[in-house]
Amino acid sequence: MKRWILGLLTLAMMTLPGPDTEAGTPDNGTLTETVTVLNYTAGPFLVSNPTGVNGDPPVCLPETCDDYTLTVNLPANYQASNPDERVVIQIAWANANTDFDVYVLENGQEKTDAATSNNPEVIVLPAESAVYTIRVVAFAVAGDTFNGTITLGTPTSAGTGVGLYEVSNDVFTCNTHLTGQEGIFSHDGDAEPGVKFTPDGVAWVGSNAGLGAGIGLWRISDICAQDFTFLGSPDAGAGGGDVDIVVATEPNINGFYNIYTSSLTLANVTSSVSMDGGATFIPTVVSDVTPINDRQWNAAYGAGTVYLSYRSLNTGNELFVVRSDANGLPGTFVGPFLVYADVVVDAALATQLGNMVCDRRPGANTPVASGPNGEGNVYHGFVLQGNKVYVAVSKDFGVTWSSKLVFEGPLTDAYDHNFTWVAVDDAGNVYTCFSDGNDCFYAVSQDQGDTWSQ
């Protein structure tokens, strides 16, 4: 069982006890502008460190840890002058059945760690002056030695570490409180908003007032986001639970970009569409044939194709998608199609949904198959059993799906905080972002989800 630091409170209040070590050779070093590589080794380690449980730092029992003092001595402006450079710590070993974990401490407090099953373990730190303790823990050993390499330069491999934060030149406008009244319900205090932009630069903000009060929708078209128009409740007040909003990327025959919304309505989902720039909405109050569901998402392709996904509770732990190729109008949805049935075969398995997106580039054979480079592909994120991040891929407009494993962490990890998030750029690269409740991570696929970066 890996030892991962999951709580900020633990980081703030606990220090790691000092080790009884197999002393490294040497046991300290200094990185400078001219000394850019340090090497050291430690071992052999005969005893594995069995301590540490989920959320706890390791306790260094005799002969199970090694400490190395790293001093980084650089000019104050070094990082700004060398923006691509970092301090890279790499711990490697020869035996494939061995496992070392690495923790970096500053002033006695843990700063970051690489406590995975990777070999080598890699940690990346800002290229800034500091004094660190590199603590290597013998997680599973049998007379093994490790080699440490510390470099100042451009990282050549992925690793865990500390983010480098820079002051931005972006300027944000003052906050604007979006308000609106729909019948007897006020949307002045709506929650959980979402925003999408049509290609003409108009922002569409949807939010919810709670079940039975409906969702609110606003249009914002000025460049400073100060002026807004309240468009009422697209769901005619029937919904008000979780809200999602998506927009078409091509105009319809009247020159408008379709605006699609969806919201939970007790045991079902209410979806809606506007084909006249938000002036009117046509709702479908019962939008799925398997009621009793949770957390719906939307995606759109072209001028008139829209997807709706939802997890159904009365049919077991299943994720469904329905699709309309006729602007999402009532009676035009086909499906439902199962999404993650290829990996979720037990209804008792814990799952958490991520969002759904389309590769919106033109070129698909609508609505039969995606284009040769993934144009029209549909992607849906989800987490399985807490520690496995997936993105499901459909290349035939949502009819069949293949679940692709992005990342699998230790059983003690949980990446369902709360949704994973998927996006596709204009070149067809697919991204997903997820969190363990402490740090955020992302991975990218350049081959339509088949393989993923670290």
Side-chain angles (χ1 to χ4, degrees), residues 157-158 196-201 244-253 257-260 297-309 319-328 332-343 353-384 388-408 419-434 441-454:
S157 60
K196 291 295 189 297
F197 291 84
T198 42
D200 55 4
D244 198 24
I245 179 173
V246 71
V247 297
T249 53
E250 298 176 15
N252 58 33
I253 59 174
Y257 296 98
N258 285 354
I259 313 300
Y260 307 101
W297 300 100
N298 292 109
Y301 184 75
T305 294
V306 62
Y307 297 87
L308 171 68
S309 76
L319 175 61
F320 293 105
V321 162
V322 294
R323 186 192 79 239
S324 168
D325 300 310
N327 307 301
T332 66
F333 285 94
V334 295
F337 308 112
L338 289 168
V339 176
Y340 54 38
D342 56 336
V343 292
L353 300 189
N355 69 319
M356 177 175 55
V357 296
C358 275
D359 183 330
R360 289 146 66 105
R361 296 174 297 166
N365 180 14
T366 310
V368 178
S370 302
N373 298 310
E375 302 89 342
N377 277 358
V378 195
Y379 300 95
H380 207 308
F382 65 95
V383 176
L384 179 60
K388 301 175 184 178
V389 178
Y390 280 90
V391 172
V393 185
S394 174
K395 299 183 178 182
D396 55 5
F397 279 71
V399 177
T400 61
W401 294 80
S402 177
S403 298
K404 308 295 185 179
L405 181 64
V406 176
F407 180 75
E408 180 177 356
F419 307 117
T420 63
W421 204 257
V422 183
V424 186
D425 67 19
D426 289 340
N429 301 308
V430 190
Y431 305 81
T432 187
C433 183
F434 52 98
F441 308 88
Y442 88 94
V444 60
S445 172
Q446 297 178 298
D447 56 8
Q448 303 177 45
D450 284 341
T451 60
W452 293 85
S453 69
Q454 296 186 54

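As a basis for the values below, the full set of heavy atoms in this structure was taken, side chains included, without hydrogen atoms, waters or symmetry mates.
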Measure the shortest side-chain to side-chain distance between [X] and [Y] over non-hydrogen atoms and say whether it is less than 4.5 angstrom.
| X | Y | value |
| --- | --- | --- |
| Val322 | Phe320 | no |
| Trp452 | Thr432 | yes |
| Val378 | Met356 | yes |
| Thr400 | Ser402 | no |
| Asp450 | Lys404 | yes |
| Tyr307 | Phe397 | yes |
| Asn355 | Val357 | yes |
| Leu384 | Tyr340 | no |

Inset, instruction - Taking atom OH of Tyr442 as the centre, report whether more than 12 heavy atoms of other residues, nucleotides or ligands fall under 6.0 Å from it. - result: no
Inset, instruction - For Asp200, look at atom CG and say whether over 12 heavy atoms of other residues, nucleotides or ligands are found less than 6.0 Å away. - result: yes
Inset, instruction - Only pairs at least two apart or in different chains count here, so list each side chain to side chain donor-acceptor pair (under 3.5 Å) that has a residue in residues 362-373. - result: Ser370-Asn377
Legend entry - Identified ring-ring contact (aromatic ring centres under 6.0 Å, His included) partner of Phe419 from the options Trp297, Phe382, Phe434: Trp297
Inset, instruction - Measure from the side-chain N and O atoms of Asp325 to the backbone N and O of Gly304, and report whether any donor-acceptor pair falls under 3.5 Å. - result: no
Inset, instruction - Using atom types as modelled and distance alone, determine if a side-chain donor or acceptor of Ser324 lies under 3.5 Å from a backbone N or O of Val306. - result: no
